[in-house]
Structure formats: structure tokens, C-alpha cells
Q: 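My structure is below; once you've seen it, I'll send some questions.
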Amino acid sequence: ILKIAAAITILVVAGIILKFTLFTRQAPVEITEHPLPEPAILTENMISRYSGDSVQLFTLPDSSKVYLNKNSILRYPESFNTAQRTAYLDGEGFFEVTHNDSLPFEVIYKNVQVKVVGTSFGIKSSPTGNPEVSVMTGVVEVSDIQHPKQQIVLQQEEQTVFDPKKITF
């Protein structure tokens, strides 16, 4: 009876270990490389925020709020300086930007730059994998990082998808 109980205990423990190691692993987060930040940001310490397996709310140094969707990463300087407010996004996020006429807020996502003064908007990949920007309130300017003259201005309740192959919105 003791041998049978020991065998059952070993099987149960092995099953629990397998369940928590093999079956609950999440897919690795793919981190895309962004262009190097502007020199003004290089002097600052960068902070990385990872949302893990749930939606997370983060408050930035200027009091802007960012809701990161699951498995998303946001990078930004420890403090925004007087030259710029720039954040780098991998994944999906919704931004509520604190208004500042003299210092626009910028988000770099894949091959696009989203520039705003104070508004709320979302960024994610479209079903085709291309960057998609949706504006909830306010106005945003979306441009191709490699072709800055290729840009579009979005107003409340508008959205765009950027196709990097065709360089079009």
C-alpha cells in the first residue's frame, strides 16, 4: 500500500510540475527595434514598463496616462525635458496625453511617429500587422519615420493604418 501511495504521490507531483511549466508558459514577447532616440533623450535614464498578462495603467512623468494591453512594453525617459516628450511602444497602448502646447508628445511605434499636444488615442497592429492609430479625442499627426513628409492628420473618431511597403496611410 505504501508503494502504491508513493507512486501516486510522485505522479501527482509530476503532473502539477508539468502543468505549471509546460502548459502555462506564455509566448515570448517580440520586441521590435526602434531607431535611436534623439540626443535630448539619450541624456536621460530610460524606463521600461511591461504589462505582463493583463492590461496595466502607467502614469508618465508629465502626468499622461498609458493603458498597455497584454504583453506590451513602453519605454520613456525618467523625466521629460524641455525639448521633447517621447515614448517608444512595442505592442498595443491607449494614451491619454496631458495637454502642453509648447511641448508635443510623441510615440514611436514600428515605422510611425504619432505627435500630439493633448488628446487620447490608441495604437496597435492592424490584422495585417501594420501600425493602426485611432483617435478618441483631439487631433494627432501620424508620419512615416523614414519619410517624414508622408503624414496624415487625424481628428476625433478617425483612424488610419500605415502600409510601410507602399508608404501610404
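Sequential numbering from 1 along the given sequence is applied to the chain's residues. Atoms considered below: every heavy atom in the structure, side chains included; atoms not considered: hydrogens, waters and symmetry mates.
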Q: Is V153 reachable from V114 through a run of hydrophobic residues whose side-chain heavy atoms are each under 4.5 Å from the next?
A: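 Shared cluster, no.
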Q: Give a yes or no on whether the backbone of S63 and the side-chain of T59 come within a donor-acceptor separation of less than 3.5 Å.
A: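 Not at all, since once roles are kept as given, no pair shorter than 3.5 Å links the two residues.
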Q: To the nearest 0.5 Å, what is the distance between CD (E157) and CG (L154)?
A: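 Answer for the CD-CG pair, E157 versus L154, is 12.5 Å.
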Q: Suppose we screen for side chain to side chain contact (heavy atoms under 4.5 Å, CB included). Which residues come up paired with K166, at least two apart in sequence or across chains?
A: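 Residues passing side chain to side chain contact (heavy atoms under 4.5 Å, CB included) with K166: D163, T168.
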Q: Ignoring hydrogens and geometry, is there a side-chain-to-backbone donor-acceptor pair from S64 to T98 under 3.5 Å?
A: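 A pair under 3.5 Å: yes.
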Q: Given the rule that I, L, V, M, F, W and Y join up when any side-chain heavy atoms are under 4.5 Å apart, are I152 and F105 in one cluster?
A: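 Yes, I152 and F105 fall within the same hydrophobic cluster.
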Q: If you compare all heavy atoms of S72 against all heavy atoms of G91, which two are closest, and at what distance to 0.1 Å?
A: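 Nearest heavy atoms, S72 then G91: OG-CA, 3.5 Å.
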Q: Before giving the answer on side-chain contact (heavy atoms from CB on, under 4.5 Å), spell out for V142 and F162 the whole-Å C-alpha distance, their side-chain angles and the decisive distance to 0.1 Å.
A: CA-CA 9 Å; V142 185; F162 178 68; 5.8 Å; no
Q: Whether D53 and K70 form a salt bridge (side-chain N of Lys/Arg under 4.0 Å from carboxylate O of Asp/Glu) is what I want to check.
A: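 No.
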Q: Donor-acceptor pair, distance only, cut-off 3.5 Å: does the side chain of S51 make one with the backbone of N69?
A: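 Answer holds: yes.
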Q: Is there a path of hydrophobic side-chain contacts, each under 4.5 Å between heavy atoms of I/L/V/M/F/W/Y residues, joining Y67 to V97?
A: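 Result: no, two separate clusters.
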Q: For the pair S48 (side chain) and R75 (backbone), establish whether a donor and an acceptor sit closer than 3.5 Å, ignoring hydrogens and angles.
A: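 A pair under 3.5 Å: no.
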Q: Under the side-chain contact (heavy atoms from CB on, under 4.5 Å) criterion, do L74 and L60 qualify, and how do the steps go?
A: CA-CA 10 Å; L74 183 71; L60 303 182; 3.9 Å; yes
Q: Of all heavy-atom pairs between P61 and P77, which one has the smallest distance, and what is that distance?
A: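 Answer, listing the atom of P61 first, then P77: CG-O, 3.7 Å.
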Q: So, E106 versus T86: side-chain donor-acceptor pair below 3.5 Å or not?
A: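 Note: E106 and T86 side chains meet the donor-acceptor criterion.
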Q: Going hydrophobic residue to hydrophobic residue with side-chain gaps under 4.5 angstrom, can you get from V161 over to I108?
A: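 Cluster IDs for V161 and I108 differ.
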Q: Which residues pass the ring pair (Phe, Tyr, Trp, His ring centres under 6.0 Å) test with F94, sequence neighbours left out?
A: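 F94 satisfies ring pair (Phe, Tyr, Trp, His ring centres under 6.0 Å) with no other residue.
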Q: Would you compute the distance between atom CG of L57 and atom CD of E96 and round it to the nearest 0.5 angstrom?
A: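 Here the rounded value is 8.0 Å.
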Q: For a side-chain contact (heavy atoms from CB on, under 4.5 Å) check, start with the C-alpha distance between V12 and T9, then their side-chain angles and the critical distance, and finish with the verdict.
A: CA-CA 5 Å; V12 169; T9 303; 5.8 Å; no
Q: Answer yes or no: is there a side-chain heavy-atom contact under 4.5 Å between Y88 and I73?
A: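 No, too far: nothing below the 4.5 Å cut-off.
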Q: Hey, are the side chains of L68 and L89 touching, using non-hydrogen atoms and a 4.5 Å cut-off?
A: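 Result yes, sub-4.5 Å side-chain heavy-atom pair found.
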Q: Return each pair, listed once, that meets ring-ring contact (aromatic ring centres under 6.0 Å, His included) where at least one residue sits in residues 111-140; pairs must be two or more places apart or across chains.
A: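 Checked against ring-ring contact (aromatic ring centres under 6.0 Å, His included) - neighbours excluded - the pairs reaching residues 111-140 are F95-F121.
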Q: Taking side chain to side chain contact (heavy atoms under 4.5 Å, CB included) as the definition, give me every residue that meets it alongside S134, ordered by chain and number, with sequence neighbours left out.
A: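 Checked S134 against side chain to side chain contact (heavy atoms under 4.5 Å, CB included); matches are E132, Q159.
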Q: Atom OH of Y50 and atom CG of D90: how far apart are they, to the nearest 0.5 Å?
A: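 It is 11.5 Å, given to the nearest 0.5 Å.
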Q: What I want to check is whether the side chains of S54 and Q56 have a donor and an acceptor closer together than 3.5 Å.
A: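 Side-chain D/A pair, S54 to Q56: present.
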Q: Answer with yes or no whether the hydrophobic clustering places V66 together with I47; edges join I, L, V, M, F, W, Y residues whose side-chain heavy atoms lie under 4.5 Å apart.
A: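 Linked within one cluster.
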Q: Does V135 reach the side chain of Q155, with side-chain heavy atoms less than 4.5 Å apart?
A: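 Heavy-atom side-chain distance check fails, nothing below 4.5 Å.
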Q: Answer yes if the side chains of Y109 and S125 hold a donor-acceptor pair under 3.5 Å, and no otherwise.
A: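 Indeed, the side chains of Y109 and S125 share at least one donor-acceptor pair under 3.5 Å.
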Q: Does Q146 have any side chain to side chain contact (heavy atoms under 4.5 Å, CB included) partners at least two apart in sequence or in another chain, and if so, which?
A: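 For Q146, the residues satisfying side chain to side chain contact (heavy atoms under 4.5 Å, CB included) (neighbours in sequence not counted) are D144.
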Q: Could you note down all residue pairs passing ring-ring contact (aromatic ring centres under 6.0 Å, His included) where residues 137-160 supplies at least one of them, sequence neighbours left out?
A: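 Non-adjacent pairs meeting ring-ring contact (aromatic ring centres under 6.0 Å, His included): zero.
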Q: Will you find, in the side chains of Y76 and R85, an N or O donor that is under 3.5 Å from an N or O acceptor?
A: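 No.
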